[in-house]
Amino acid sequence: MKAVVDKDACIGCGLCPSIAPDVFEMGDDGKAHVITSTVPAGSEDAAKESEDSCPVNAITVQ
Ligand code: F3S
């Protein structure tokens, strides 16, 4: 499973690192970054929840 953040779309709401801290972190640019593009085992559900929860649909998990 891979996670990608569209940095042009991200508005820096901070939701995804709070839901899936092993997958996403906030960067110095105020936008979310993936910590590792391959979602760690055990974080798949949280990654999917982040994708569903992002207010601007900036996250793709597949
Ligand atoms: Fe950005 Fe969406 Fe995460 S706006 S901080 S990618 S929940």
Side-chain angles (χ1 to χ4, degrees):
M1 184 177 271
K2 303 260 184 205
V4 176
V5 175
D6 179 349
K7 291 189 182 59
D8 292 332
C10 174
I11 57 170
C13 77
L15 206 54
C16 55
S18 74
I19 295 171
D22 292 333
V23 182
F24 304 102
E25 64 184 359
M26 299 308 292
D28 293 339
D29 58 1
K31 306 209 170 193
H33 297 247
V34 289
I35 297 169
T36 167
S37 62
T38 301
V39 176
S43 294
E44 282 99 345
D45 287 350
K48 275 296 203 186
E49 187 182 341
S50 299
E51 180 184 37
D52 292 343
S53 301
C54 177
V56 292
N57 297 316
I59 298 172
T60 305
V61 177
Q62 56 190 10

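All of these numbers come straight from a predicted model, not from anything done at the bench. All ligand and atom numbering here is 1-based and tracks the order in the structure.
- In this structure, the protein non-hydrogen atom closest to atom 4 (S) of ligand 1 is I11 N, 3.4 Å.
- Atoms of ligand 1 lying under 4.0 Å from any heavy atom of V56, numbered from 1 in the order shown and given with element: 4 (S).
- Residues in residues 11-29 take part in no salt bridge (Lys or Arg N to Asp or Glu O under 4.0 Å) pair, two or more places apart or across chains.
- Shortest non-hydrogen contact noted between A32 and C16 is CB-SG, 3.5 Å.
- For K31, there are no salt bridge (charged side-chain N to carboxylate O under 4.0 Å, His left out) partners two or more places apart in sequence or in a different chain.
- In terms of heavy atoms, E51 sits closest to T60 at OE2-CA, 3.6 Å.
- For atom 3 (Fe) of ligand 1, protein N, O or S atoms under 2.8 Å: 1 in total.
- Residues K7 and H33 form a side-chain contact, since some pair of their non-hydrogen atoms from C-beta on lies under 4.5 Å apart.
- The CE atom of M26 sits 10.0 Å away from atom OG of S18, with the distance rounded to the nearest 0.5 Å.
- Under a 4.5 Å side-chain heavy-atom criterion applied to ILVMFWY residues, the cluster that includes I59 comprises M1, V5, V23, F24, V34, V39, V61 as well.
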